[in-house]
Amino acid sequence: MCGLVGLVGSHNVAPDIYDALTVLQHRGQDAAGIMTCEGGRFSLRKSEGLVRDVFRQQHMQRLEGSIGIGHVRYPTAGSSGPALAQPFYVNSPYGIALAHNGNLTNAEQLGKELFQDDLRHLNTDSDSEVLLNIFAHELQTLGKLSPGADDIFQAVEAVHRRCRGGYAAVGLIVNYGVLGFRDPLGIRPLVVGERQGLNGRKDYMIASESVALDVLGFSLLGDVAPGEAVFIDMEGTLHRRQCAEAPVLQPCIFEHVYFARPDSLMDGISVYKTRMRQGAALASKIRRERPDLDIDVIIPIPDTSRIAAQSMAHELGIKFREGFMKNRYIGRTFIMPGQSQRKKSVRQKLNPVPLEFEGKNVMLVDDSIVRGTTCRQIIEMARDAGASNVFFASAAPPVRFPNVYGIDMPSASELIAHGRSVEEVCELIGADWLVYQDLDDLIECSREGNEQIDAFDCSVFSGDYITGDVDQHYLDHIEAQRNDEAQSRKRAAQQEEGAVVGIHNNA
């Protein structure tokens, strides 16, 4: 999962891209990058780390130009390192940079085609570089000295024919403009907005979430539709076209559960209201399964579960309390590499307030349970703080299958609910009772915001991969890439080599 920004403005855009990336920091903490264009020349700064650490004053001063793109990275294919920071760049044709959120399920085959048929070189194992080169090749085959919007849209049509999986992308074409496009199923999110700029011109922004538009004074024009491409030329004119043959809106429902900020609108759906409905639906299930309601207090696990927990407490008429204080300077543990680092981070991130636990039956609420590491430690912390009984509620159904469309969830064997019953998971995490959201209820919580949505990508819960090209062989392949042992070997190799291949620091 990553965060994207593309901007065509009437003044220097780098400061606005920086501000937008800080708002989207929750979508990726591994690396950040900004590329701008001025007078036919790219300026690029990218590196590992948070936005605030990657960009210093000297970098921002050199990022000149009225068009640019930005990216915050969260590793989506089990790999990390400085060479994989985005945007990526190719010089032919025209000079193109691209930043990508998602995962191409046929990236390996496309990589072979690029080398054998298209005669293009790939410098990393990133599917984002694959996507960039596919687009660049398809644009080059048109043979235009000065491509227009129609030519760019034609190249995106070819991208959709060749690429499979979940993807949203922003691109920058030297001297021509900024491009954004979304996969034909709309799995990964993308929005576009406008604001009044200087000299009577309009500024346009493309971003992963609407909240990035809000903070910079942009009005939301709407979501980029599944399969659609938007192109803003150097004169500030917005062009839009449907570039897929049979687009269907099936967005990732895990955005509503965990990744998206609650103040965002995604495909016309308020993430905040969706999470409120999740809490209400979970309250109804608790009434059915535990009618005596022997719960003294409901406590959220900060931060993404707070809205659902508040709604649940209201529906059940039970006290809501903030029982854990969060250290805001620790990253999201779901994104942390390595089991030992995740365990350490939980204790550093959360500290209980004993008065809210002593002698009480406590219902802890989290957005989801993935590995089970975090909730097991938190349940131990609640018991140590004096809780009589610790119940646990997940606002999402059991996560039993890996994600292949841009969320680097662990391998299936490391998912605590994979192949286990709810009772077995309850015992493993050490809870006195465990309740999960039902999948049908979760879907209705999101669908209520937009009845036109055909379906959602719920593959992490159901194992139904909507692109239709994911088989056991593919899942075995990503299992080998993603498990903690493989990641430890990869990190050790990167440290030993000390290589920084492919990085343009503009330092």
Side-chain angles (χ1 to χ4, degrees), residues 1 26 187 189 250-262 264 266 269-286 289 298-312 315 332-335 363-376 378-379 391-410 412 414-422 424-426 428-429 431 433-449 453 455-466:
M1 192 64 62
H26 61 285
I187 299 173
Q250 296 188 7
C252 174
I253 204 165
F254 209 72
E255 290 275 1
H256 298 178
V257 170
Y258 176 80
F259 268 105
R261 273 183 46 151
S264 283
M266 310 193 93
I269 301 170
S270 165
V271 177
Y272 180 85
K273 288 186 177 180
T274 295
R275 291 179 183 169
M276 286 190 68
R277 291 190 287 265
Q278 290 170 9
L282 201 48
S284 295
K285 184 173 182 179
I286 290 170
E289 297 194 358
I298 291 176
I299 294 176
I301 297 172
D303 281 314
T304 45
S305 65
R306 181 174 288 113
I307 297 166
Q310 287 174 330
S311 178
M312 180 198 300
E315 294 292 329
R332 301 177 92 174
T333 52
F334 174 65
I335 298 175
M363 169 66 82
L364 301 180
V365 183
D366 207 351
D367 53 80
S368 58
I369 303 173
V370 182
R371 294 175 177 88
T373 310
T374 301
C375 58
R376 183 163 52 242
I378 290 172
I379 289 168
F391 311 133
F392 204 95
S394 168
V399 177
R400 292 195 165 105
F401 304 93
N403 185 282
V404 300
Y405 301 127
I407 304 174
D408 189 26
M409 283 187 170
E414 292 168 352
L415 295 168
I416 193 169
H418 181 72
R420 294 189 176 100
S421 67
V422 174
E424 289 172 327
V425 174
C426 182
L428 282 172
I429 65 175
W433 183 59
L434 170 64
V435 58
Y436 279 104
Q437 187 86 263
D438 290 334
L439 181 55
D440 288 344
D441 286 342
L442 180 66
I443 292 171
E444 287 307 311
C445 289
S446 292
R447 194 196 300 275
E448 187 176 330
I453 290 181
F456 289 92
D457 165 42
C458 302
S459 53
V460 297
F461 308 122
S462 66
D464 179 16
Y465 295 98
I466 59 177

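When a residue number appears, it is its place in the shown sequence, counting from 1. Atom set for the values below is all heavy atoms of this structure, side chains included, hydrogens, waters and symmetry mates excluded.
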Visitor: Under 3.5 Å, side chain of E424 to main-chain N/O of S421, donor-acceptor pair present?
Guide: yes
Visitor: Of V257, L415, I369, I416, which meets side-chain contact (heavy atoms from CB on, under 4.5 Å) against V399?
Guide: L415
Visitor: If every non-hydrogen atom of P398 is compared with every non-hydrogen atom of F461, which pair is closest and at what distance?
Guide: O-CD2, 3.4 Å
Visitor: If the plane angle is over 60° it's perpendicular, under 30° parallel, otherwise tilted; pick one for F401 and H418.
Guide: perpendicular
Visitor: How far apart are the C-alpha atoms of M266 and T274, what are their side-chain angles, what is the distance that settles it, and do they pass the side-chain contact (heavy atoms from CB on, under 4.5 Å) test?
Guide: CA-CA 11 Å; M266 310 193 93; T274 295; over 6 Å; no
Visitor: So how far is it from I298 CD1 to M312 CE, rounded to the nearest 0.5 Å?
Guide: 5.5 Å
Visitor: How many angstroms lie between atom OG of S459 and atom CE of M409, to the nearest 0.5 angstrom?
Guide: 8.5 Å
Visitor: Counting only heavy atoms not in K273, do more than 12 fall under 6.0 Å of its NZ?
Guide: no
Visitor: Does some side-chain heavy atom of I453 sit less than 4.5 Å from a side-chain heavy atom of P251?
Guide: yes
Visitor: Is the backbone of Q278 close enough, under 3.5 Å, to the side chain of Q437 for a donor and an acceptor to pair up by distance?
Guide: yes
Visitor: R275 and F259: which non-hydrogen atoms are nearest, and at how many Å?
Guide: NH2-N, 4.0 Å
Visitor: Hey, are the side chains of V271 and I307 touching, using non-hydrogen atoms and a 4.5 Å cut-off?
Guide: no
Visitor: Is there a donor-acceptor pair closer than 3.5 Å between any side-chain N or O of D441 and the backbone N or O of E444?
Guide: no
Visitor: Ignoring hydrogens and angles, tell me if any N or O in the side chain of S311 forms a donor-acceptor pair with the backbone of M276 under 3.5 Å.
Guide: yes
Visitor: I need the H26 NE2 to M1 CE distance, nearest 0.5 Å.
Guide: 9.5 Å
Visitor: Looking at OH of Y405 and CD1 of I466, how far apart are the two atoms once the value is rounded to the nearest 0.5 Å?
Guide: 5.5 Å
Visitor: Measure the spacing between SG of C445 and CZ of F456 and express it to the nearest 0.5 Å.
Guide: 10.0 Å
Visitor: Minimum heavy-atom separation for Y258 and T304, please, with both atom names.
Guide: O-CG2, 3.5 Å
Visitor: Over all heavy atoms of both residues, which pair between A417 and Y436 is shortest? Give the atoms and the distance, please.
Guide: CB-OH, 4.2 Å
Visitor: Passes side-chain contact (heavy atoms from CB on, under 4.5 Å), F392 versus V425? Steps please.
Guide: CA-CA 11 Å; F392 204 95; V425 174; over 6 Å; no
Visitor: Measure the CD-CD1 distance between E448 and I443 for me, rounded to the nearest 0.5 Å.
Guide: 14.0 Å
Visitor: Checking R261 side chain against Y272 main chain: does a donor-acceptor pair fall under 3.5 Å?
Guide: no
Visitor: Step by step, would you call L442 with I253 a side-chain contact (heavy atoms from CB on, under 4.5 Å)?
Guide: CA-CA 8 Å; L442 180 66; I253 204 165; 3.8 Å; yes
Visitor: Decide, yes or no, whether a salt bridge links K285 with D438 under the criterion of side-chain N to carboxylate O below 4.0 Å.
Guide: yes
Visitor: Looking at every heavy atom in both S394 and D367, which two are closest together, and how far apart are they?
Guide: OG-O, 3.9 Å
Visitor: Could you report the tightest heavy-atom contact between I379 and A431, atom names first, then the distance?
Guide: CD1-CB, 3.8 Å
Visitor: Please walk me through it: do V460 and V370 pass side-chain contact (heavy atoms from CB on, under 4.5 Å)?
Guide: CA-CA 10 Å; V460 297; V370 182; over 6 Å; no
